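Structure in C-alpha cells, see below.
Just follow the structure's listing: the first ligand is 1, and inside any ligand the first atom is 1. Just so it is clear, the model here is predicted, and its values are computed rather than measured.
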Amino acid sequence: MKFFLDTANLAEIKEVAGWGILDGVTTNPSLVSKENTPFEKLIREICAICPGPVSVECVSTGSDEIIKEARRLAGLAPNIAVKIPIGLEGLKATRVLSREGIQVNTTLIFSPSQALLAAKAGSRFVSPFIGRLDDISQEGMEIVEQILVIFDQYGFDTEVIVASIRHPRHVVDAALLGAHIATIPYSVIAKLISHPLTDRGVEKFLKDWGKVKI
Ligand code: E4P
C-alpha cells in the first residue's frame, strides 16, 4: 500500500520523507491556502522533496480552460498529477490530458459510478472522500470497496486513493480492502506508529537492561 501525505506544508513533507515511507503528496486549494509561500514556488519545492506523484488541483471549470491549466501545472515538475474534480467538463479534459500522458487524479469522488466514469476517461487515480461521507452518516468505506471490485472486474489500472482520512482506523480499513493508496494528514500518519503498550514495553526493557551484568 502506498502512503501519500495530504498536505501542502513543506515541514510536514520533509519530516515524513525522512521516515522513508512517503510515496506521494496530495494538495488541494484549501491546503495550499494555509501556506505562506507563492503557489508555484511551493509546488516546485514539494515536488523536489517528494519521491512520487504530487497532486495539484485545477480550479478552472470549463474543459478547455481545465486542459490549459492542467498543461501549465504539469509543466512545473515531472512528478505532477493534476487533480480535476469529477464532472462532465472534467471528464472531457481528462480524456484529452490522459492521452497526452498527463497523470490525472479525479477528485471529489462520492460514488462508484463517478469513479467508473473517471477510469473510463483515462484517470491515473481516483480519490473517494470517505471522511466527508462519514460526516453525513454514510459509510464512506463502502464506496472504496465497490470501486475496487469494479476496477478489478474490468481490469482498470486506475489506482484508488482513499482520501479525506480522519483517523488510523480509516487507514487500516483501506488496507484491509486492498486500496492502492491512502492519502493521510500529518496528524493521522503520526498516530499510526504509537501504542501505549509499546511505550510501556520499551520502558520496562530499558529498566531491566540496567540490571544486566555486562
Ligand atoms: C484529498 O486529495 C483531499 O485533499 C483530502 O483528503 C480532503 O480531505 P478533507 O475532507 O479532510 O478536507
If you measure every N or O of Arg132 against every N or O of ligand 1, does any of those distances drop under 3.5 Å? yes
Arg166 N/O to ligand 1 N/O under 3.5 Å: yes
Atom CD1 in Ile130, atom OG in Ser164: separation rounded to 0.5 Å? 7.0 Å
When you check the gap from the basic side-chain N to the acidic O, do Glu89 and Lys92 get nearer than 4.0 Å? yes
Pairs touching residues 178-196 that satisfy side-chain hydrogen bond (donor to acceptor under 3.5 Å, both in side chains), sequence neighbours left out: Thr26-Thr183
Checking a contact table here: which protein heavy atom is nearest atom 2 (O) of ligand 1, and how many Å away? Lys83 NZ, 2.6 Å
In terms of residue, atom name and distance, what is the protein heavy atom nearest to atom 5 (C) of ligand 1? Asp6 OD2, 2.9 Å
Thinking salt bridges, do Arg166 and Asp135 make one under a 4.0 Å N-O criterion? yes
In the protein, what heavy atom is nearest to atom 4 (O) of ligand 1, and what distance, to one decimal place, separates them? Asn28 ND2, 2.7 Å
Salt bridge flag under 4.0 Å for residues Lys14 and Glu45: no
Nearest neighbour in protein (non-hydrogen) for atom 8 (O) of ligand 1: Ser164 CA, 3.4 Å
Residues clustering with Val172 (ILVMFWY side chains joined when closer than 4.5 Å, directly or via others): Leu176
Can an N or O of Ser127 be found at a distance shorter than 3.5 Å from an N or O of ligand 1? no
In ligand 1, which numbered atoms sit nearer than 4.0 Å to a non-hydrogen atom of Phe129? 1 (C), 3 (C), 7 (C)
Of all the atoms in ligand 1, which lie at a distance below 4.0 Å from a heavy atom belonging to Thr26? 2 (O)
Per-atom contacts, ligand 1 versus Ala163 - under 4.0 Å to a heavy atom: 1 (C), 6 (O)
Any Lys/Arg nitrogen of Asp64 or Lys68 sitting under 4.0 Å from an Asp/Glu carboxylate oxygen of the other? no
